[in-house]
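What follows is a short report on a single structure.
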There are 2 protein chains.
Amino acid sequence: MKVSTQVTSPNSVIAQVLDLGSGTFTQQCPTRTLLDHVTSKWGVLVLVALTSRTLRWGELRRAVDGVSEKMLAQTLRTLESDGLVLREARPTIPPRVDYSLTDPGRELAGHLVPLLRWVAAHADATSTDH
Amino acid sequence: MKVSTQVTSPNSVIAQVLDLGSGTFTQQCPTRTLLDHVTSKWGVLVLVALTSRTLRWGELRRAVDGVSEKMLAQTLRTLESDGLVLREARPTIPPRVDYSLTDPGRELAGHLVPLLRWVAAHADATSTDH
DNA sequence: CTGTATCCTTTCAGATACTG
DNA sequence: CAGTATCTGAAAGGATACAG
């Protein structure tokens, strides 16, 4: 009859905060993978940039300052396979490819925008108070 | 009065979406650093875990499944220096250290919780439709 | 214009061992 | 209990060249 101080499952705290079944956001959970995609360095910025409107490859590259071609391509492929971004290639010369948010992508971006607004508003304060 | 297709600054798209001055979230912008901290692999989970209540080191380690001691320490130091997490060490034997959210940290976590809820709700769908 | 392929450097991250 | 220090392999990321 052991009354341990740790009766609950490993990550119960996070699951509890989110009102979800225990086991969510454990290491093996698929949520972890998706979370890493959407919170990736470039993923966040791409999703937010596409909030305004459909953008072409070149426009995206300029919108997301500092991204390399390699990382932009990789990020877009990931987000597309996650069903968050729609890629539409037109077989014209010169080629033209449009990127836009899917419905789920737009929903997600809706959560990211206020987050980035908060970050922008507090970046100065946090960098000066240490 | 030039009405070119590209009159605005490099990353104007993102600044426009966020209703902020052009230049926000450029590569050199301090917002980028803070954004990377709060959207880091372990940072997000630590902040959400601390939403429920103050947690001790050992509790945090169990709450954030899969994190190594090294990464937990590194993440906590970063979040503390950003003014998001408060660290309170008690000089007792054995040592006890409490971690909690500061007011800004709590505000930020308020944006992260709905994001993680959305991710949890869509993880299955996005992983099966490719 | 829209990418892909390759190389190379830097950073991330886990394992292990050790300290107060 | 709550960390730090060091080592090493894996992964991210950038630069360049090139292709459709």
Side-chain angles (χ1 to χ4, degrees), chain A residues 4-6 10 13 25-28 32-33 35-46 49-50 54-82 85-100, chain B residues 4-6 10 13 25-28 32-46 49-50 54-81 85-100:
Chain A
S4 137
T5 56
Q6 201 62 32
V13 178
F25 288 103
T26 49
Q27 207 171 358
Q28 320 298 341
R32 278 286 184 88
T33 306
L35 180 64
D36 286 349
H37 291 176
V38 310
T39 63
S40 70
K41 184 181 174 76
W42 304 116
V44 179
L45 297 173
V46 166
L50 288 175
T54 296
L55 292 173
R56 298 179 59 178
W57 166 271
E59 292 176 318
L60 260 177
R61 240 209 118 181
R62 283 183 296 269
V64 181
D65 188 43
V67 72
S68 66
E69 294 187 342
K70 177 186 169 180
M71 292 315 297
L72 180 57
Q74 186 175 305
T75 302
L76 284 170
R77 268 185 276 121
T78 301
L79 295 179
E80 189 193 0
S81 83
D82 284 339
V85 164
L86 179 66
R87 179 185 188 274
E88 289 174 294
R90 297 160 193 278
T92 57
I93 304 249
R96 175 195 178 105
V97 183
D98 289 332
Y99 292 93
S100 56
Chain B
S4 133
T5 56
Q6 200 65 30
V13 178
F25 288 103
T26 49
Q27 208 171 358
Q28 321 298 343
R32 277 286 184 88
T33 306
L34 183 58
L35 181 64
D36 285 349
H37 292 175
V38 309
T39 62
S40 70
K41 183 182 175 77
W42 303 116
V44 179
L45 296 173
V46 165
L50 288 175
T54 296
L55 291 173
R56 300 177 57 179
W57 166 272
E59 292 177 319
L60 260 177
R61 241 209 116 182
R62 283 183 295 271
V64 181
D65 190 42
V67 73
S68 67
E69 293 187 342
K70 177 187 170 181
M71 292 315 297
L72 180 57
Q74 187 175 305
T75 302
L76 284 170
R77 269 186 276 120
T78 302
L79 296 179
E80 190 194 0
S81 84
V85 163
L86 180 65
R87 179 184 188 276
E88 288 173 294
R90 299 160 192 278
T92 57
I93 304 239
R96 174 193 178 106
V97 184
D98 289 332
Y99 293 93
S100 57

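Computation of the quantities below employed the complete heavy-atom set of this structure, encompassing side-chain atoms and omitting hydrogens, waters and symmetry-equivalent molecules. Labels below follow one simple rule: chain letters A, B, ... track the order of the sequence lines, proteins then strands, and each chain is numbered from 1.
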(request) When you get a sec, tell me which of C:dT2, D:dG3, D:dG14 is the closest nucleotide to the side chain of A:Trp42? (result) D:dG14
(request) Choose from C:dG14, D:dG14, C:dG3 the nucleotide whose nearest atom is closest to any side-chain atom of B:Met71. (result) C:dG14
(message) What is the separation between atom CZ on B:Arg77 and atom P on D:dG3, rounded to the nearest whole Å?
(response) 10 Å
(request) With the side chain counted from C-beta on, respond yes when B:Val67 and B:Val46 share a heavy-atom pair under 4.5 Å apart, and no when they do not. (result) no
(message) What is the distance, to the nearest angstrom, from the CZ atom on B:Arg32 to the P atom on D:dG13?
(response) 12 Å
(request) Answer yes or no: does a side-chain N or O of B:Arg56 lie under 4.0 Å from OP1 or OP2 of D:dC1? (result) no
(request) Could you tell me the separation between the CG atom of A:Leu76 and the P atom of C:dT2, rounded to a whole number of Å? (result) 12 Å
(request) Tell me which of A:Lys70 and A:Arg96 sits closer to the 5' end of DNA chain C, going by the nucleotide each one is nearest to. (result) A:Arg96
(request) In whole angstrom, give the distance that lies between atom CG of B:Leu60 and atom C1' of D:dA2. (result) 12 Å
(request) Check whether any side-chain N or O of B:Asp65 sits under 3.5 Å from a backbone N or O of A:Gln27 as a donor-acceptor pair, and report yes or no. (result) yes
(request) Select one nucleotide: of D:dA2, D:dG14, C:dG3, the one nearest the side-chain heavy atoms of B:Trp57. (result) D:dA2
(message) Please report the distance, rounded to the nearest Å, between NE2 in B:His37 and C1' in C:dC12.
(response) 14 Å
(request) Just compare D:dA2, C:dT4, D:dT4 and give me whichever is closest to any side-chain atom of B:Val97. (result) D:dA2
(message) Given A:Tyr99, which partner from the list A:Leu60, A:Leu86, A:Leu72 fulfils the side-chain contact (heavy atoms from CB on, under 4.5 Å) test?
(response) A:Leu60
(request) With rounding to the nearest 0.5 Å, note down the distance linking CZ in B:Arg77 to CZ in B:Arg87. (result) 9.5 Å
(request) For A:Arg62 and C:dC1, give me the distance from atom CZ to atom P, rounded to whole Å. (result) 8 Å
(request) Without swapping roles, check the side chain of A:Arg56 against the backbone of A:Asp98 for a donor-acceptor pair under 3.5 Å. (result) no
(message) Closest approach to the side chain of A:Ala73, judged atom by atom: which nucleotide of C:dT4, C:dG14, C:dG3 is it?
(response) C:dT4
(message) Using whole Å, what does the distance between atom C1' of nucleotide C:dC1 and atom CD1 of A:Ile93 come to?
(response) 10 Å
(message) Which is more 5' along DNA chain C, the nucleotide nearest A:Pro95 or the one nearest A:Gln74? Just name the residue.
(response) A:Pro95
(message) Output the rounded distance in Å from CZ (B:Arg61) to P (D:dC1).
(response) 11 Å
(message) Quick check on C:dG3: is either OP1 or OP2 less than 4.0 Å from any side-chain nitrogen or oxygen of A:Arg87?
(response) yes
